[in-house]
Amino acid sequence: MNEGTAFAHLDPTYRRFAALPDDERIAWIRADRWIGFDQSGAALARLENLLTYPPRDRMPCLLIYGDTGMGKTKIVRKFERDHPPKFSQITGVDHRPVVVAQVPSEPIERDLYRELLASMGAPAMTGGTLAREKDICRSLLRTVGAKMIILDEVNGMLAGTFRQQRIFLNAIRFLANDLRIPLVCAGTDLARQALLTDAQLAERFEAFHLKPWQNDAAFAGLLKSFERILPLREASDLISGEARERIHKLTSGVTARIFRLIETAAEDAVRSGKERLDADSFGDNLVLPLVSMTQTARRRGKPVQQRVGA
Amino acid sequence: MMVSARLPVAPRPFMDELLSSWMARVAARYGSEALELVVYLAGQGGRNAGARQVDDVAPDMELLRLWAKACRVDPERLCRRSLASRYPDRPQDWFLTETVPVCLACFDADVAARRDAYLRGHWRLAEQVVCPPHRTMLLDRCPACLGRLRLSFRMLNGLLRPFCRKCDAILTGGGGETEDPLKADFAAGVLDLQSQISRIVRGNPGRFDRLEHAIRTLWAPLDRDGAARPVLALWYDESGWNCPYEARAAVGRSAPLQHLSVSWRALTLVILHDLFGADLVPGAVLPEAALVLFQRAAPLPWLTDGPDLRTGKGKRTIDAGAERVHRLSKRRVHRLNGNFEGERRFRPNPPMKLKRH
């Protein structure tokens with residue numbers, strides 16, 4: 001069978017995956033991947049715009065916030081992948097324009113520097129003073145040519161006391177001022193509230209809200225993307241009104257849930273030999289992949305099947 | 001499986017840099033010491049490489065490979081930076097093993113060139129006491145605290161600068177200090193001797209053997225029981241002269257220069273010139289002044305080529321002689337002490353002396 005014509009319902013780049021054995025196709029479906037959509041594109045464009053901002057005393061900063069599972073971390077990682085470090089053999093420096101770190105579990109200044117060092121691949125030595133660790137962190141950020149610092153899970157800052165939060169926010173502001181590079185924070189709506197407690201930072205941060213999906217043309221576009229890339233051997237129908245409605249209701253428009261639901265259904269389609277997705281694929285027989293989705297289904301009065309090992 | 005660490009910033013070694021200096025610079029970028037960083041890197045995939053100092057002369061290849069991988073440098077390139085590769089014909093005991101003396105003018109030149117300060121490989125050569133480009137004496141004591149110089153590198157204005165580990169004084173920025181003309185003359189004189197010694201070390205093995213013999217003899221303990229000094233003390237012709245603490249470790253050693261400070265090594269070169277003239281090594285016939293000194297050396301194995309005749313209380317002569325020097329040099333020697341009896345009589349006036357300061 002000619003692969004070029006056999007899987008005409010798929011994007012040409014992805015047709016070869018449909019010819020793989022079942023196990024490999026399931027592995028492919030489960031793999032981490034990036035599917036661009038309007039909101040993510042807009043967020044990436046904002047980040048790109050910030051990256052090229054010339055150094056000035058008061059650098060603009062960005063807060064990307066949204067519900068859990070809306071793809072904040074995915075966007076940040078995608079942006080990091082788009083600007084990978086480049087090692088120079090002559091200088092021995094990994095030029096790293098984007099440094100991404102997670103806010104530590106407790107908002108402690110020293111842990112912030114250690115997270116930044118770890119994200120650059122630098123060893124964090126124990127036993128030094130806080131001032132020394134700060135100096136080393138700043139010096140390394142300058143040496144690697146960091147043009148942007150992205151702090152993910154900023155909402156974690158609220159786990160600390162008020163005083164810890166103040167110190168932590170001061171440390172963040174100090175880094176941005178000292179290095180004269182934009183700072184990007186990502187987190188849930190709690191992150192926005194945390195930043196609002198510092199008037200100076202609140203003035204400086206632009207906000208980008210990742211909204212849940214509505215059942216509209218953009219949502220249909222996302223589902224169409226899945227149809228074109230998932231390695232199923234028959235043409236799927238995800239953009240019919242019924243399928244869209246079911247998917248939207250089950251996932252409440254949360255990106256991570258949409259991805260997991262469709263991946264689970266696609267895996268089932270491969271195992272059962274159905275080889276296509278449609279409204280029936282999201283029926284009562286489908287084991288919902290996330291606990292949060294079972295909650296959604298229960299609220300809607302739908303019986304949830306408890307299958308062990310799903 | 002452990003993943004080897006790749007350091008994000010790993011400055012490249014300079015052409016004439018010591019391996020230990022390069023490793024110290026890399027570690028300093030992370031506010032750490034080379035040994036700490038080795039332990040970290042070994043933990044990331046090395047097996048037994050932790051807790052080992054690098055040997056500048058003949059480094060351990062496993063350790064070099066660990067550093068090379070973390071810093072993304074060709075291990076062969078690092079191997080070529082070892083002193084054994086750079087000076088293949090030089091015996092190991094002609095490299096300094098302890099403190100590396102430094103030239104502050106070289107550090108100032110590093111600042112001017114906007115590069116990290118670093119330790120030059122030739123500073124570890126046993127005969128190097130003067131910096132050839134700057135014609136100044138190398139330093140092995142901190143100019144601020146006068147303690148034995150131990151360096152650490154720290155970031156200052158984006159570049160690594162040398163600091164005294166003991167007093168935290170920065171060792172750059174001393175430029176503009178007026179050089180004492182007498183010191184400059186002395187350094188220029190010693191530089192000539194140093195270059196000549198380097199040529200002897202590189203050249204004819206026969207001449208080199210005679211040079212080694214002369215230096216060992218000068219630093220051999222005196223042959224008389226109770227003597228608190230090496231043979232070289234007779235050259236001084238000063239009553240009450242005691243072997244200073246910093247020179248004690250060299251007495252009776254087979255490679256005395258390895259254990260001496262810059263000033264004592266410079267003095268040894270001057271004495272060689274004084275005793276043997278422009279040749280710096282004894283010829284077929286010893287000059288009278290040298291003969292008087294050399295016949296007073298304790299019979300050490302490497303001086304006599306024969307069995308050790310002076311064994312006392314079950315100890316080998318070398319140990320006994322060196323210990324005696326160490327013990328007695330701790331206390332002041334009165335000029336009328338028997339230590340000096342019969343020694344001054346044989347001390348002739350030297351034919352020519354360089355200025356000493």
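Every chain is numbered from 1 and lettered A, B, ... according to where its sequence line falls, protein lines coming before strand lines. Here the structure is a predicted model, which means the values were calculated and not measured.
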If you count heavy atoms of other groups shown closer than 6.0 angstrom to CZ of A/Arg81, is the number above 12?
yes
Output the option from A/Cys137, A/Gly121, A/Pro85, A/Pro123 having the highest count of non-hydrogen pairs under 4.5 Å with chain B.
A/Pro123
Count the heavy atoms belonging to other residues, nucleotides or ligands that lie under 6.0 Å from CZ of A/Phe174, then report whether that count exceeds 12.
yes
Between B/Pro8 and A/Val144, the two heavy atoms sitting closest are CB-CG1, 4.4 Å
Part of A/Ile90 lying under 4.5 Å from any heavy atom of chain B:
backbone
Using a plain distance cut of 3.5 Å, could you tabulate donor-acceptor pairs between chain A and chain B?
| from | atom 1 | to | atom 2 | distance (Å) |
| --- | --- | --- | --- | --- |
| A/Gln89 | OE1 | B/Arg12 | NH1 | 2.9 |
| A/Gln89 | NE2 | B/Arg72 | O | 2.9 |
| A/Gly92 | O | B/Ala10 | N | 2.7 |
| A/Asp94 | N | B/Pro8 | O | 2.7 |
| A/Asp94 | OD2 | B/Arg72 | NH2 | 3.2 |

List for me each residue that meets side chain to side chain contact (heavy atoms under 4.5 Å, CB included) alongside A/Asp152, sequence neighbours excluded, and say none if there are none.
A/Thr73, A/Gln102, A/Ala186
